[in-house]
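Atom set for the values below is all heavy atoms of this structure, side chains included, hydrogens, waters and symmetry mates excluded. Position 1 is the first residue of the sequence; numbering continues from there.
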Amino acid sequence: MSRRLVLVALFALASCIHVGAWAAPKVLFYQPQRADLAVPDADWPKFFQRIRAMGFDTLAVQWVAYGDAFTGARERSWLANRLREARASGLKLVLGLGADPQFFTRQKAPPEQLGTYFRELAETDRSLARTWLRELGSDAVLAWYLPIEVDDLRWREGDARAVLLEHLRTEVRALQALHRAPVYVSTFFAGHMAPEAYARLLRELDATGVRVWVQDGAGTGRLTHHERALYMAPLQRCKARLAHGVVYELFEQTSGDERFAARPLAADSIREALAQQAPCDGDSVYFEMRYLPGMQRIREADRKAAGFAPEMHNGWADSP
């Protein structure tokens with residue numbers, strides 16, 4: 001074989017390896033809560049090893065700051081140790097940045113005020129990205145995640161949507177200037193847009209350079225199975241790809257949105273949920289770590305912090 005053919009073959013192999021790193025990853029969300037600090041440190045490596053044994057290869061950390069949570073030295077160090085343990089178990093990291101607890105209220109501001117708010121968010125995200133790149137090293141960050149969650153109600157208005165899209169373009173440029181990695185955002189639907197209008201929103205989000213994950217809405221129960229299917233159907237059009245993946249919800253919401261509460265799915269249901277795969281070789285993403293079997297200590301810490309009684313097992317296997 002000639003030297004040129006050898007080089008071509010090596011280049012093709014390298015290209016396949018690069019593409020393969022992003023071919024249909026199995027991603028699990030982890031949403032850090034202050035209550036999680038009450039779970040013994042020794043349990044976390046076991047949790048991550050269990051997750052890896054279930055076939056997950058990537059952990060998407062929903063945020064590294066939620067308001068002022070995890071911004072102090074003690075909480076940030078605790079979270080950094082957990083992420084190092086996740087990596088040691090073989091999990092890659094998608095790193096979520098700053099989440100504003102008031103986002104869904106502040107996003108209602110008039111379009112002329114939204115730009116100022118989004119600039120604040122972007123500045124926070126850049127600062128957090130720098131901090132965590134120093135903390136973990138750039139090789140630890142497979143991708144970035146923006147925890148703003150784009151809904152189908154606020155962004156129906158053209159002027160407001162234009163501000164959102166410009167914000168996303170700004171975030172992609174700024175984060176990739178710090179560390180060249182994909183930038184993700186998620187979106188959800190609740191019947192406020194027609195399915196085709198929602199598909200157009202997805203197309204516009206994709207055009208900003210972000211990679212979009214669509215939440216399937218199964219856990220929140222806002223829409224029926226048939227209604228959700230109408231919104232998910234356009235994601236099957238692989239030649240005109242609208243999203244990079246689907247977030248499958250592993251919970252059943254038991255409260256209103258004002259004070260979110262949920263319980264894990266029953267054993268049969270969670271097996272069915274975990275068997276789902278995103279269309280068009282997209283990212284298969286599952287929400288969230290604490291709803292998996294074997295994670296009861298995390299849920300119990302959450303419930304204790306919220307003042308709830310310990311939960312019943314609800315028919316699913318939860319062996320340690």
Side-chain angles (χ1 to χ4, degrees), residues 21-22 25-99 125 128-147 175 178-179 181-182 184 186 213 247-248 250-251 264 270 274 283-305 317-320:
W22 285 99
K26 189 171 184 180
V27 184
L28 179 66
F29 260 106
Y30 167 52
Q31 185 185 85
Q33 303 283 347
R34 275 179 163 152
D36 298 349
L37 276 72
V39 178
D41 288 356
D43 287 348
W44 291 91
K46 299 172 188 175
F47 294 155
F48 295 128
Q49 290 162 13
R50 184 184 184 107
I51 289 165
R52 190 72 185 93
M54 294 177 70
F56 292 100
D57 52 52
T58 304
L59 189 73
V61 185
Q62 189 166 356
W63 52 62
V64 292
Y66 181 77
D68 64 357
F70 300 100
T71 60
R74 174 176 170 269
E75 292 178 346
R76 186 170 63 246
S77 175
W78 179 93
L79 183 56
N81 287 336
R82 302 294 79 81
L83 300 189
R84 291 188 185 99
E85 290 162 357
R87 290 195 72 213
S89 73
L91 292 166
K92 305 180 187 73
L93 297 179
V94 174
L95 202 66
L97 294 167
D125 284 343
L128 288 169
R130 293 188 188 99
T131 296
W132 283 90
L133 286 172
R134 288 193 300 269
E135 184 74 51
L136 299 176
S138 59
D139 61 327
V141 180
L142 180 68
W144 304 108
Y145 176 74
L146 305 175
L175 292 174
L178 293 174
H179 173 56
Y184 281 88
S186 69
W213 285 336
V247 181
Y248 298 105
L250 304 179
F251 61 86
I270 202 163
L274 290 171
D283 305 338
S284 296
V285 188
Y286 305 84
F287 188 93
E288 183 260 359
M289 176 177 168
R290 68 196 66 235
Y291 300 114
L292 289 176
M295 305 295 159
Q296 180 151 340
R297 286 190 177 180
I298 303 176
R299 296 192 301 275
E300 287 177 348
D302 291 346
R303 294 180 67 81
K304 183 176 180 181
D318 204 5
S319 57

Looking only at heavy atoms, what is the nearest atom pair of [X] and [Y], with distance?
| X | Y | result |
| --- | --- | --- |
| R299 | P264 | NE-CG, 3.5 Å |
| L79 | P32 | CD1-CG, 4.0 Å |
| Y286 | L274 | OH-O, 3.5 Å |
| V39 | F47 | CG1-CE1, 3.9 Å |
| L175 | W144 | O-NE1, 3.6 Å |
| L93 | A140 | CB-O, 3.4 Å |

Please round to the nearest 0.5 Å and tell me the distance separating atom [atom1] of [X] and atom [atom2] of [Y].
| X | Y | atom1 | atom2 | answer |
| --- | --- | --- | --- | --- |
| K26 | R52 | NZ | CZ | 10.5 Å |
| W213 | S284 | CH2 | OG | 10.5 Å |
| I298 | L292 | CD1 | CG | 9.0 Å |
| L28 | M289 | CG | CE | 7.0 Å |
| R74 | L37 | CZ | CG | 5.0 Å |
| E135 | L128 | CD | CG | 12.0 Å |

Derivation of the side-chain contact (heavy atoms from CB on, under 4.5 Å) call for R134 and R130: CA-CA 6 Å; R134 288 193 300 269; R130 293 188 188 99; 3.9 Å; yes

Given L91, which partner from the list I51, L83, L142 fulfils the side-chain contact (heavy atoms from CB on, under 4.5 Å) test?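 Looking at I51, L83, L142, the match for L91 under the side-chain contact (heavy atoms from CB on, under 4.5 Å) is I51.
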
Check: F70 main-chain N/O paired with R76 side-chain donor or acceptor under 3.5 Å: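 Between the backbone of F70 and the side chain of R76 there is no qualifying donor-acceptor contact (under 3.5 Å).
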
Under the 3.5 angstrom rule, does the side chain of H179 hit a backbone N or O of L133 as a donor-acceptor pair?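 Flag not set: sc H179 to bb L133 has no pair under 3.5 Å.
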
Student check: side-chain heavy atoms of R87 and L136 closer than 4.5 Å: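 No, their side chains stay 4.5 Å or more apart.
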
With side chains defined as the heavy atoms from C-beta onward, is the minimum distance between L95 and W132 less than 4.5 Å?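 With C-beta onward as the side chain, the pair touches.
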
Just to verify, what does S77 make a side-chain contact (heavy atoms from CB on, under 4.5 Å) with, not counting sequence neighbours?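 For S77, the residues satisfying side-chain contact (heavy atoms from CB on, under 4.5 Å) (neighbours in sequence not counted) are N81.
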
side-chain hydrogen bond (donor to acceptor under 3.5 Å, both in side chains) partner of D36, the single match among Q31, R290, R297, R82: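 Option passing the side-chain hydrogen bond (donor to acceptor under 3.5 Å, both in side chains) with D36: R290.
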
Are R34 and D68 close enough for a salt bridge, meaning some N to O gap below 4.0 Å?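 Yes, R34 and D68 are salt-bridged.
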
Y291 vs F287 aromatic rings, parallel, tilted or perpendicular, using cut-offs 30° and 60°?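 Tilted: the ring planes of Y291 and F287 meet at 30° to 60°.
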
Can you spot which of Y30, F29, W63 makes a ring-ring contact (aromatic ring centres under 6.0 Å, His included) with Y145?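 The single option meeting the ring-ring contact (aromatic ring centres under 6.0 Å, His included) with Y145 is F29.
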
Close aromatic pair by centroid cut-off 6.0 Å: W44 and W78: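 Judged by ring-centre distance (under 6.0 Å), W44 and W78 do meet the cut-off.
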
